[in-house]
Amino acid sequence: MENAPLIDPFNRAVTYLRLSVTDRCDFRCTYCMSENMTFLPKRDLLSLEELDRLCTTFIGLGVEKLRITGGEPLVRKGIMTFFNAMSRHLDSGALRELTLTTNGSQLHRFSDDLYAAGVRRVNVSLDTLDEEKFARITRWGRLPQVLRGIDAAQKAGLRVKINAVALKGFNEEELDRIIDWCATRDMDLTFIEVMPMGDMGEENRLDQFWSLNDLRTRLGERFTLTDLAERTGGPARYVRLEESGQKVGFITPMTHNFCESCNRVRLSCTGQLYTCLGHDGMSDLRAPLRENDSDDHLADAIRTAIGIKPKGHDFDYSRQVIQGQTIRHMNHTGG
Ligand code: SAM
Ligand code: SF4
């Protein structure tokens with residue numbers, strides 16, 4: 001049984017781990033962080049060696065896809081050491097894909113090294129192509145730096161996918177421009193519905209909420225949309241725009257219709273395992289990691305945690321009050 005795959009109580013195999021390597025970020029996107037964030041003390045973070053041990057244990061239990069996220073993963077000191085170390089699992093064939101989600105600000109520095117470590121695809125989060133709006137939504141980010149990073153990534157041979165949060169009254173009028181820009185650069189594009197994460201303090205997410213059903217209808221006015229059967233085990237659904245051949249994804253985390261095929265878990269930079277994006281319930285893996293050198297002990301703790309993965313989640317905007325709102329910030333567990 002020691003190396004039996006991770007199967008949850010609803011018979012779903014867990015093969016995909018999303019790992020947040022830091023809660024820090026060089027941006028302060030309004031829907032993700034407050035301007036004056038208090039970050040975790042460094043001692044609470046797992047060291048790069050601990051992250052390696054945890055990931056290696058998960059991979060030993062059947063995880064085949066590892067996505068590194070944050071915070072901004074590329075601002076974690078020494079992060080390339082970690083990527084380089086993970087590449088041994090690609091070499092052995094145990095890991096099928098090593099990838100990351102990034103705001104793109106450091107890609108001009110790291111793209112070549114990421115490629116050399118075996119990364120082939122990156123998701124870059126970008127909500128607008130307007131410099132002034134970009135500065136407004138990210139507060140601290142600068143668009144030219146991100147565009148330079150995307151250039152570097154493509155030049156290095158990385159396939160880039162753009163993730164854009166759909167925000168009412170913000171990037172609605174840029175829909176065509178973003179679509180055409182991605183087509184020109186041969187990048188896939190996924191829209192994400194804004195989620196009620198964090199304390200909701202200064203911005204009311206209901207005001208920002210732009211339903212992807214509306215967005216899809218808008219797209220349908222310009223393109224012939226063909227639904228694609230492709231499923232990732234996550235909340236993304238894809239269409240092809242027949243006129244341009246582009247693939248466009250929609251991530252609607254508030255809908256419940258993907259939970260039954262959910263194959264993923266999230267690990268925070270402090271070693272907390274979240275088995276469902278919509279639940280605050282988590283299992284601490286840092287204690288078993290630190291109290292014992294035995295990987296079997298750690299594997300047992302992982303199995304116990306997977307054994308309580310909930311069936312589904314509870315986000316719901318339908319009654320115009322925010323139900324099922326989780327209290328943690330997105331940068332803690334990663335997106
Ligand atoms: N810093 C990296 C980045 O921005 O790509 C990785 C971490 S970020 C938390 C991961 C993704 O979560 C980004 O695509 C971001 O747009 C998305 N995100 C953050 N807060 C969100 C929210 N409240 N609703 C929907 N998506 C959100
Ligand atoms: Fe940073 Fe990503 Fe959150 Fe923006 S969405 S503040 S880039 S972690």
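Hydrogens, waters and symmetry mates are skipped; everything else that's a heavy atom, side chains included, is used. Note that ligands are numbered from 1 as they come in the structure, with each ligand's atoms numbered from 1 the same way.
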Any N or O of [X] that comes nearer than 3.5 Å to an N or O of ligand 1?
X: Glu72; value: yes
X: Gly71; value: yes
X: Met195; value: yes
X: Asn123; value: no
X: Asn163; value: no

Exercise. Between Ile179 and Gln246, is a side chain to side chain contact (heavy atoms under 4.5 Å, CB included) present by the stated rule, with each step listed?
Worked result: CA-CA 9 Å; Ile179 295 267; Gln246 275 169 287; 3.4 Å; yes

For this session: Under the side chain to side chain contact (heavy atoms under 4.5 Å, CB included) rule, what do Thr226 and Tyr238 come out as? Steps first, then yes or no, please.
Result: CA-CA 9 Å; Thr226 305; Tyr238 297 94; over 6 Å; no

Problem set entry | Lys NZ or Arg CZ of Lys133 over Phe170 ring: under 6.0 Å, within 45° |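 Cation-pi check for Lys133 and Phe170: passes.
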
For this session: Using the six-membered ring of Tyr115, assess whether NZ or CZ of Arg120 lies under 6.0 Å from its centre and within 45 degrees of the ring axis.
Result: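 Yes, Arg120 sits over the ring of Tyr115.
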
If you compare all heavy atoms of [X] against all heavy atoms of [Y], which two are closest, and at what distance to 0.1 Å?
X: Ala166; Y: Leu215; value: CB-CD1, 3.9 Å
X: Ile306; Y: Asp8; value: O-CB, 3.6 Å
X: Pro73; Y: Leu100; value: CG-CD1, 4.2 Å

Counting each atom of ligand 1 from 1 as listed, which ones have a heavy atom of [X] under 4.0 Å away?
X: Glu193; value: 25 (C)
X: Val194; value: 24 (N), 25 (C)
X: Gly70; value: 7 (C), 9 (C)
X: Ser125; value: 3 (C), 4 (O), 5 (O), 13 (C), 14 (O)

Does [X] approach ligand 1 within less than 4.0 angstrom via side chain, backbone, both or neither, non-hydrogen atoms only?
X: Thr102; value: backbone
X: Val165; value: side chain
X: Thr69; value: side chain

For this session: Report the C-alpha separation of Glu97 and Arg121 in whole Å, then their side-chain angles, then the decisive distance to 0.1 Å, and conclude whether the salt bridge (Lys or Arg N to Asp or Glu O under 4.0 Å) test is met.
Result: CA-CA 9 Å; Glu97 185 169 38; Arg121 299 196 301 161; 2.7 Å; yes

Problem set entry | ligand 2 versus Cys29: contacting region, heavy-atom distance under 4.0 Å |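 Within the 4.0 Å criterion, Cys29 contacts ligand 2 through backbone and side-chain atoms alike.
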
For this session: Using non-hydrogen atoms of the residue, decide whether Ser125 is closer than 4.0 angstrom to ligand 2.
Result: no

Exercise. More than 12 heavy atoms of other residues, nucleotides or ligands under 6.0 Å from CZ of Arg290: is that the case?
Worked result: yes

